[in-house]
Structure formats: C-alpha cells, structure tokens
Number of protein chains: 2
Amino acid sequence: MRDVDLERVRALPLFCGCTDETFRTLTTGAFLQRFPAGTTLLLEGDQVDFLYVLLDGMVELEGTWNDRETTLAVLRPVSTFILAAVVLDADGLMSAQTVERSDILMISGAAIRRVMSQDAGFAVAVAQEMAGCYRGLVRTLKNQKLRGGLERLANYLITQRLRQGGGATFELPHEKRVLASLLGMTPENLSRSLASLADYGVEVHGPSVTITRPAVLERLAKPDPLIDNHQPVTDALTGQAQQERWPLPDRGIRAA
Amino acid sequence: MRDVDLERVRALPLFCGCTDETFRTLTTGAFLQRFPAGTTLLLEGDQVDFLYVLLDGMVELEGTWNDRETTLAVLRPVSTFILAAVVLDADGLMSAQTVERSDILMISGAAIRRVMSQDAGFAVAVAQEMAGCYRGLVRTLKNQKLRGGLERLANYLITQRLRQGGGATFELPHEKRVLASLLGMTPENLSRSLASLADYGVEVHGPSVTITRPAVLERLAKPDPLIDNHQPVTDALTGQAQQERWPLPDRGIRAA
DNA sequence: GTCGCGCCTTGATTTGCATCAAGACGGCTC
DNA sequence: GAGCCGTCTTGATGCAAATCAAGGCGCGAC
C-alpha cells in the first residue's frame with residue numbers, strides 16, 4: 001500500500017486520534033483493492049468481515065425488500081462504510097456496490113473490535129463517527145417523513161449548490177435514476193419535478209443545474225438546519241462526525 | 001437516588017462494561033427527576049447538556065418541519081436517549097416529551113465525554129450503543145421507503161405480537177394517533193388500514209388486537225430480518241446494541 | 001455509417017394517501 | 001344528570017405519486 005494512501009487514511013477523523021501502534025495494527029492486516037464500476041462489494045444480510053474505506057471512486061449503499069430497491073446513500077472519497085456492522089459484529093443491513101471504478105481499503109473487522117478496547121482514543125473516534133452517521137440518518141428520516149417529493153428535491157438542490165461552492169451553476173453528482181432513488185421517488189417523477197422547478201428559477205441541462213433565483217427556491221424549500229446539513233464539504237472535513245460537528249466553533253466557546 | 005435505581009442503570013449495556021470509578025463519576029453528578037405526562041424534556045435545536053435515561057414511564061421522540069410533526073420513536077424503560085448529540089456535543093435533532101409520568105435520570109454530557117477518553121471499556125460501550133441505534137434507524141428508513149402503509153402496519157403488528165410473548169392477542173402499546181405518526185400515516189388512514197386487515201385475520205377491539213391467522217397476515221406483510229427486528233424483549237436485553245446483536249449466539253460460534 | 005441499448009423525458013391512467021367533514025363513543029368536569 | 005373535549009371511526013373528495021406506455025437522445029459496438 002502506498003504511503004500517500006496511508007496518510008489519507010491516517011488523516012481521517014476515525015484514525016487521527018489513535019496511537020501509532022493502533023494504526024499500524026489495523027493497517028498491516030489491511031489491503032487496498034481496486035474494483036471496476038458496478039461491482040457488488042457486499043450483499044444485504046452478508047456477514048461483514050471488513051471495514052471499508054473508500055479512497056477513490058464512488059459507492060452506493062442500497063436496501064431491498066420484496067423486489068423493490070432503494071438507495072440509502074451515495075459515498076464519495078474519503079468515507080468509511082458499514083462501521084456499525086463491524087462494531088457489533090453483525091450482518092450488514094444494506095448492500096454496497098461501486099458506481100465508478102473505486103479504490104477501497106479493507107480493514108479487518110475483528111482487528112478493529114480488538115483494538116477498540118485497548119485504545120480509548122480510537123474507541124472515542126469510533127463512537128463519534130457512529131454518532132455522526134446516526135445523526136445523518138435522523139436527518140434523512142425526517143426529510144423523508146415530513147417533506148413531499150418536490151420539497152425534498154428543492155432542498156437537495158440547495159444543499160448541492162452550497163457544497164459545490166455556492167455558485168449559480170453546479171453539477172448533479174450522480175445519474176438521475178440514482179438521485180431519484182436517493183430522494184425516494186421514481187425517475188419519471190424526478191424528471192417531472194425538475195421540470196416544474198423551472199417556475200422557481202431552476203434550469204437543467206443534462207447534469208448541469210443553474211439556480212437563477214435562490215430566494216424563490218428557498219421560499220419553496222424552507223431549508224432547516226435540523227434536517228439539511230449545509231456544511232460546505234472541504235478536504236479538511238471528512239467523516240460523518242466532523243460533518244455533524246459543524247457549526248461547532250461557537251459551541252466550543254460556550255462550553256469553555 | 002435509590003440504590004435499586006442505581007443498579008438498574010449499572011446493568012444497562014451502556015454502563016455494565018465501565019469501571020466502578022467511571023460509574024461513580026457519572027452518577028454522583030447525575031440527578032433523578034420525575035416528570036408528569038406531556039412534559040417537553042427537550043426541544044429540537046436545543047443544546048443538549050445531559051444524557052437522559054428513562055427508568056419508568058414512556059417518552060416520545062419527534063421531529064417537526066413547517067408545522068408538520070412526526071414521531072420518530074417511542075421509548076420504554078430502560079432506555080437512554082439523545083446519546084448522539086451528547087457524544088458530539090451538538091444540538092438535538094429531535095424533541096422529546098413524556099407520554100406518561102416518567103422517572104428520568106439525567107447525566108452530565110460533559111462528564112460523559114470526559115470519561116469516555118479515560119475508560120476504553122466505556123467508550124466501546126458507547127460506540128456499540130450508537131451502532132445499535134444506527135442500525136435501528138436503517139431499519140426504520142428501509143421500512144419507510146420500501147413498504148406501503150398497509151405493509152408497515154402489518155409488520156408492526158407481527159413484531160408486537162412476538163415482543164409481547166407470541167400469543168394470538170396483545171395490546172397496542174400507545175395511542176393510535178401516536179402509532180399512526182410512528183408508522184408515517186394519518187390517524188384516519190391507520191383506522192382504515194386496521195379495518196382492511198380484518199380480511200387477513202386481524203381483529204381489533206380498542207387497544208387489544210387478535211391475530212387469528214398469522215400465516216395469512218405474514219403472506220401480506222413479508223417480514224424480513226433485515227428490516228424487522230423480531231427479537232423478543234426481555235429484561236435481560238435492554239439497549240439498542242443488544243437488540244441489534246441478536247441473533248448472535250451462532251455468530252459467536254462461527255467467529256470462534 | 002447503422003444498429004442497439006441505456007437513460008431520460010413526456011403523456012395517460014390508476015392507485016394510494018391526505019384532507020375535509022361529520023358523527024360515535026368514552027371520560028371528564030361541574 | 002348535562003355538557004364538553006379528545007380520540008377514534010367512517011365517508012366523500014382531491015391531490016401526489018406510482019405505474020404503464022411510447023418516443024427521443026447519446027453513445028458504444030461493429
């Protein structure tokens with residue numbers, strides 16, 4: 001495994017608080033693998049033996065029931081996934097497959113569980129990461145239960161705009177059918193909803209979206225910091241916990 | 001605080017792995033309080049200063065947006081809540097209110113965060129509890145996105161039957177309007193859905209439900225271990241992590 | 001180039017669910 | 001007891017979303 005990759009992993013919130021020894025223990029048994037697009041990494045119900053760390057590419061997490069299928073999340077580097085199943089040594093509740101060719105680091109789950117009880121700093125980092133993932137899901141569930149399809153889409157666009165720098169034009173990060181599934185609607189309905197957002201200043205050309213009147217769109221979307229995480233995504237902030245900690249600077253002051 | 005209450009807390013998965021010193025640190029600063037029914041313990045967006053432990057009574061967790069409201073969970077003793085916000089020192093994403101008169105132990109969040117980095121056993125327990133909560137939410141989200149209202153209700157009834165001993169007759173644990181909100185439907189629709197389940201051998205008299213032909217109901221509900229957690233609730237198994245660990249007996253053997 | 005195959009879009013139709021409205025029932029106060 | 005309020009039920013209606021169906025478009029294979 002290349003040093004540059006090791007450093008990227010070491011910089012993850014999940015690993016930056018652990019001891020060198022812990023990190024060495026975890027990475028010596030680990031291996032980095034490259035998967036082509038469309039590879040199924042993990043099937044719902046499978047025993048989970050590894051923690052996965054996405055270093056490059058894109059991964060989709062999905063759930064199925066009764067021949068239906070839904071996208072639960074789409075991951076970008078650098079992210080870890082199925083940590084919860086690893087912590088509890090339980091079966092995975094979702095499937096994972098690559099969307100693009102992806103570089104993925106696989107770390108022994110047994111090693112992670114072993115090391116947690118020896119390195120409190122690492123255990124704390126795992127707890128924080130899990131808490132961040134949990135809060136992300138709470139947001140998703142509220143989004144799903146409280147908003148209608150058009151509102152979910154409008155808020156998604158607003159969030160994307162901010163995450164991609166806040167300019168008027170940005171790119172949809174996935175295929176539209178994936179986006180539809182993520183938003184809990186059919187591709188047909190996503191298409192229609194995008195069309196009807198033209199009235200609110202949204203122009204769509206293929207994967208490129210331009211929001212001409214943000215204020216108008218916001219009046220429809222009613223974004224809410226308790227549902228939408230508008231944190232800008234920077235290189236410095238990876239991992240679910242960090243994303244949930246924002247905006248914590250002033251909290252730190254309050255607590256001090 | 002009474003010794004008998006202290007012991008119940010000590011026996012929680014979250015606390016039974018920590019040192020005596022950790023436990024003493026956490027509980028000396030804590031206080032037990034009794035709240036009447038309908039008390040709001042915590043409002044969405046509030047800063048969270050305490051970990052709450054429900055010792056007696058019933059608590060509802062809810063989320064709101066744009067004058068809409070949805071129930072995210074209903075808790076029974078002994079449960080902890082808002083652990084994620086405590087771990088990350090973040091604002092709460094949901095409101096909490098008592099449904100019945102409730103005895104609730106409040107433990108300093110700052111103390112919890114402090115103690116985590118000193119007691120690896122405790123930090124591991126927190127990580128496991130968070131992982132269990134996370135997996136519970138994944139199940140909820142799949143339930144919500146993949147199934148229709150009638151299917152959610154049918155599966156809810158099957159789960160309740162098992163949790164209450166598996167007899168043909170059992171009781172709905174909450175008011176029907178709360179149940180409706182939990183299942184993501186209106187009270188009107190819950191009423192109609194219950195009525196239409198008569199065709200599948202479900203008899204309802206007030207809060208009491210009888211399932212006369214479980215096989216027929218299951219053919220409609222198609223329960224799935226990756227969505228429905230059919231673990232029987234016993235006194236020995238409290239806490240989200242433990243509930244997610246079942247059925248682990250044979251996993252232990254495989255791993256050995 | 002031409003074919004074929006996904007993806008996306010658009011339209012027509014049906015279904016599921018929310019909403020609106022009214023009434024039944026039980027528990028409560030006075 | 002009468003009156004009231006909240007819960008639950010039932011029916012009528014309207015809207016949102018899924019489904020079904022057809023066609024356009026981009027792109028790679030050959």
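Just so we're on the same page: letters track the sequence lines, and every chain starts at 1.
- Atom pair A:Met185:CE and D:dT19:P shows a separation of 14 Å (rounding to whole Å applied).
- Between the CG atom of A:Leu179 and the C1' atom of C:dT9 there is a distance of 15 Å, rounded to whole Å.
- Residues A:Leu217 and A:Ile158 are in side-chain contact: their nearest non-hydrogen atoms beyond the backbone lie under 4.5 Å apart.
- The phosphate of C:dA18 has OP1 or OP2 within less than 4.0 Å of a side-chain N or O from B:Asn189.
- Here B:Glu62 does not pair with A:Lys142 in a salt bridge; the nearest charged N to carboxylate O distance is not below 4.0 Å.
- Salt bridge B:Arg147/B:Asp228: present, at least one basic N to carboxylate O contact under 4.0 Å.
- Donor-acceptor pairing under 3.5 Å, judged by distance alone, is absent between the side chain of B:Glu188 and the base of D:dC8.
- Atom C1' of nucleotide D:dA16 and atom CZ of A:Arg147 are separated by 17 Å, given to the nearest angstrom.
- Nucleic acid contact for B:Gly206: none, since no nucleic acid atom lies under 4.0 Å from a heavy atom of the residue.
- Under the 4.5 Å side-chain criterion, counting only non-hydrogen atoms from C-beta, A:Trp65 is not in contact with A:Thr70.
- Side-chain proximity of A:Glu175 to C:dT9, C:dT19, C:dC8: nearest is C:dC8.
- Listed pair A:Arg68 / D:dT19 meets the phosphate criterion, a side-chain N or O lying under 4.0 Å from OP1 or OP2.
- In this structure, NZ of B:Lys176 is placed 14 Å from C1' of D:dG6, rounded to the nearest angstrom.
- Rounded to an integer number of Å, the gap from CG of B:Leu183 to C1' of C:dG16 is 16 Å.
- Between A:Glu151 atom CD and D:dA17 atom C1' there is a gap of 14 Å when expressed in whole angstrom units.
- The phosphate of D:dA18 (OP1 or OP2) has a side-chain N or O of A:Thr186 nearer than 4.0 angstrom.
- Scanning atom types as modelled, no donor and acceptor separated by under 3.5 angstrom connect the side chain of B:Arg192 and the base of C:dG16.
- Residue-to-nucleotide contacts include no donor-acceptor pair under 3.5 Å from the side chain of B:Arg177 to the base of D:dG6.
- Rounded to whole Å, atom P of C:dG16 lies 15 Å from atom CG of B:Leu153.
- Computed from coordinates, the A:Leu190 CG to C:dC7 P distance equals 14 Å when rounded to whole Å.
- With a 4.5 Å cut-off on side-chain heavy atoms, B:Val78 and B:Asp56 do not count as touching.
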